[in-house]
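Remarks on the structure that follows.
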Amino acid sequence: ATVEGLTAQRPHERPFLLTRSGYAGIQRYAAVWMGDNNSWWEHLLQTMPTCLGMGLSGVAFIGTDCGGFSGDASAELLVRWTQMGAFTPFFRNHAAAGTRDQEPWAFDAETEALVADAIRLRYRFLPYIYTVFAEAHRTGLPIMRPLMLEYPDDPHTHNLCDQYLLGANLLVAPVYQPGATNRMVYLPSGDWVDYWTGTQYAGQQHIVADAPLDRIPLFVRQGAILPLGPVVQHTGEPAAELTFDIFGSGCAEVYEDDGTSTAYAQGVWSLTRVTSHVGTDETIVTVDPVVGSYRPPRTMVTLRLRGRGTPRSVMVNGRPASWEKAGRDPLIDIQIHDVGSRLVVRVAH
């Protein structure tokens with residue numbers, strides 16, 4: 001009834017509803033948060049199996065109150081919960097009346113900065129998250145996935161509920177114990193790359209991941225290409241740049257639409273396909289032209305290449321192109337302003 005009323009008042013806008021209760025099929029109408037949790041480390045941990053179960057039940061747009069609803073969150077708990085919440089489908093900070101103020105600035109300067117960093121990371125990953133949302137809309141696959149969904153033949157994944165996949169390519173391993181600066185992480189089959197350090201690991205093993213207070217352990221499946229956006233203050237800001245973070249040989253598509261209207265239901269959306277081949281002497285990256293009637297408002301594409309060191313040369317569509325180090329070696333960015341045509345980038349190693 002609420003959806004029908006909102007649609008009648010604003011027929012060209014997508015209604016947004018949030019509920020904490022519903023029946024089978026609620027996913028067609030509303031996002032769901034998991035109710036009145038507490039500011040306890042145990043409830044931070046409980047967020048994962050609860051949301052994973054909801055996803056497996058067909059309800060993909062889910063999350064919890066970061067920091068906890070009842071009780072008083074500590075600064076460390078808020079930081080760790082916000083880091084995890086940045087990688088859940090629904091993400092908010094919310095607390096009950098009469099509890100400690102829970103805004104990032106209600107603590108100390110360090111806490112405010114760390115929470116802000118986690119929120120910025122959410123904005124950075126929005127193109128990837130939005131593409132996974134589109135996959136869930138199309139297929140019913142959950143956005144936040146237990147490892148056993150992608151790796152059902154691996155018995156180590158069957159009862160694993162303190163880490164999860166966001167889509168198929170990003171493994172998220174939140175810290176859920178006070179004072180912890182590392183944690184055990186299970187990597188399933190295949191090869192995995194530490195998002196922060198670039199360290200590569202073989203799958204089907206447990207590792208100890210570093211997790212200082214300013215970092216949530218993240219691992220990317222080797223061969224993935226993650227579409228990332230710029231840090232913005234709100235989603236209404238035009239995203240002039242799209243970064244493809246390339247983790248070896250593979251391919252990916254990024255889904256885009258205007259984010260607010262119902263035009264996507266009439267086919268006004270787009271897909272951009274990226275393919276990479278990493279060879280011994282040369283990496284070739286191809287960015288195909290946008291397919292579909294929606295035209296993203298960007299003016300630049302950045303290709304981020306990992307793990308190959310300083311290149312001997314970089315060519316874009318047969319012409320020499322510039323590149324720069326992206327914070328640390330071996331990580332380089334290639335910025336391309338010709339975003340309307342097919343791009344073939346050759347990087348000689």
Side-chain angles (χ1 to χ4, degrees), residues 40-56 62-64 66 76-77 79-89 114 117-118 121 125 128-129 132 141-226 245-250 278 306-307 328 330-331:
W40 301 337
W41 289 91
E42 293 86 351
H43 278 191
L44 188 160
L45 172 60
Q46 186 61 36
T47 292
M48 287 180 273
T50 302
C51 290
L52 292 172
M54 289 289 284
L56 289 175
I62 37 83
T64 61
C66 291
E76 183 187 10
L77 179 63
V79 170
R80 292 304 194 186
W81 211 320
T82 307
Q83 290 172 344
M84 178 183 67
F87 294 97
T88 58
L114 291 173
D117 285 344
L121 195 61
F125 271 86
Y128 175 72
I129 294 171
V132 179
L141 281 170
I143 298 161
M144 183 177 172
R145 303 174 186 175
L147 272 67
M148 67 91 174
L149 182 65
E150 295 285 345
Y151 302 92
D153 296 327
D154 184 345
H156 290 289
T157 69
H158 293 175
N159 292 312
L160 189 60
C161 61
D162 68 346
Q163 58 183 76
Y164 58 91
L165 294 166
L166 190 64
N169 293 324
L170 184 65
L171 191 154
V172 184
V175 174
Y176 54 86
Q177 293 176 315
T181 56
N182 54 48
R183 61 152 292 173
M184 190 77 74
V185 177
Y186 180 70
L187 301 175
S189 62
D191 294 322
W192 294 85
V193 181
D194 186 316
Y195 176 79
W196 301 108
T197 67
T199 303
Q200 298 187 29
Y201 296 93
Q204 292 190 299
Q205 66 163 328
H206 290 87
I207 66 166
V208 176
D210 287 335
L213 188 57
D214 63 351
R215 184 189 305 172
I216 178 173
L218 301 172
F219 296 87
V220 182
R221 185 181 59 80
Q222 183 73 32
I225 302 174
L226 299 182
D245 204 346
I246 299 168
F247 293 81
S249 299
V278 179
R306 291 174 173 263
R328 63 178 183 275
L331 191 67

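When a residue number appears, it is its place in the shown sequence, counting from 1.
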Aromatic plane relationship, W40 with H43 - under 30° parallel, 30 to 60° tilted, over 60° perpendicular: tilted
Sub-3.5 Å donor-acceptor pair from the side chain of Q177 to the main-chain atoms of W41, do we have one? no
Aromatic centroids of Y151 and Y186 separated by under 6.0 Å: no
Measure the spacing between CZ of R221 and CG of N169 and express it to the nearest 0.5 Å. 4.0 Å
Can you measure from CG (L52) to OG1 (T47) and round to the nearest 0.5 angstrom? 10.0 Å
Dump the intermediate steps for side-chain contact (heavy atoms from CB on, under 4.5 Å) on L149 and L165, then the final yes or no. CA-CA 9 Å; L149 182 65; L165 294 166; over 6 Å; no
All heavy atoms of E150 vs all of A168, minimum pair found to be OE2-CB, 3.8 Å
Can you give me the closest heavy-atom contact between I62 and P89, atom names plus distance? O-CD, 3.4 Å
Is R215 reaching over with its side chain to a backbone N or O of P212, donor-acceptor style, under 3.5 angstrom? no
Measuring from M48:CE to T50:OG1, what's the distance to the nearest 0.5 Å? 10.0 Å
Please check this pair: side chain of Q222 against backbone of G190, looking for a donor-acceptor N/O pair closer than 3.5 Å. no
Going from CG on L56 to SG on C51, what distance comes out if it is rounded to the nearest 0.5 angstrom? 11.5 Å
Sorted by chain and number, sequence neighbours left out, side chain to side chain contact (heavy atoms under 4.5 Å, CB included) with Q205 holds for Y201, A202, I207
Using side-chain contact (heavy atoms from CB on, under 4.5 Å), reason through D245 and Y128 one step at a time and then give a plain yes or no. CA-CA 11 Å; D245 204 346; Y128 175 72; over 6 Å; no
side-chain contact (heavy atoms from CB on, under 4.5 Å) between F247 and R306, worked out: CA-CA 6 Å; F247 293 81; R306 291 174 173 263; 3.1 Å; yes
Is there a side-chain contact between L121 and L218 (heavy atoms, below 4.5 Å)? yes
Does any part of the side chain of L187, heavy atoms only, come nearer than 4.5 Å to the side chain of V185, both counted from C-beta? yes
Donor-acceptor pair, R80 side chain versus P174 backbone, under 3.5 Å? no
Minimal heavy-atom distance between N182 and D210, with the atoms involved, is CB-CA, 4.2 Å
Side chains of L226 and V220 in contact at under 4.5 Å (non-hydrogen atoms): yes
Between CG of L114 and OG1 of T82, what distance do you get to the nearest 0.5 Å? 10.0 Å
Grab the two heavy atoms, one from P49 and one from L45, that are nearest each other, plus how far apart they are. CD-O, 3.2 Å
When you measure from the side chain of W196 to the backbone N and O of I216, does any donor-acceptor pair fall under 3.5 Å? yes
For V175 and A211 the tightest heavy-atom approach is CG2-CB, 3.5 Å
Hey, could you give me the CD/CG distance between Q46 and L44, rounded to the nearest 0.5 Å? 10.5 Å
Test log, rule side-chain contact (heavy atoms from CB on, under 4.5 Å), inputs S189 and D154: CA-CA 8 Å; S189 62; D154 184 345; 5.6 Å; no
Could you pull out the closest heavy-atom pair between A118 and A86, with the gap in Å? O-CB, 3.6 Å
Between H156 and H206, what is the ring plane arrangement, given parallel below 30°, perpendicular above 60°, and tilted in between? perpendicular
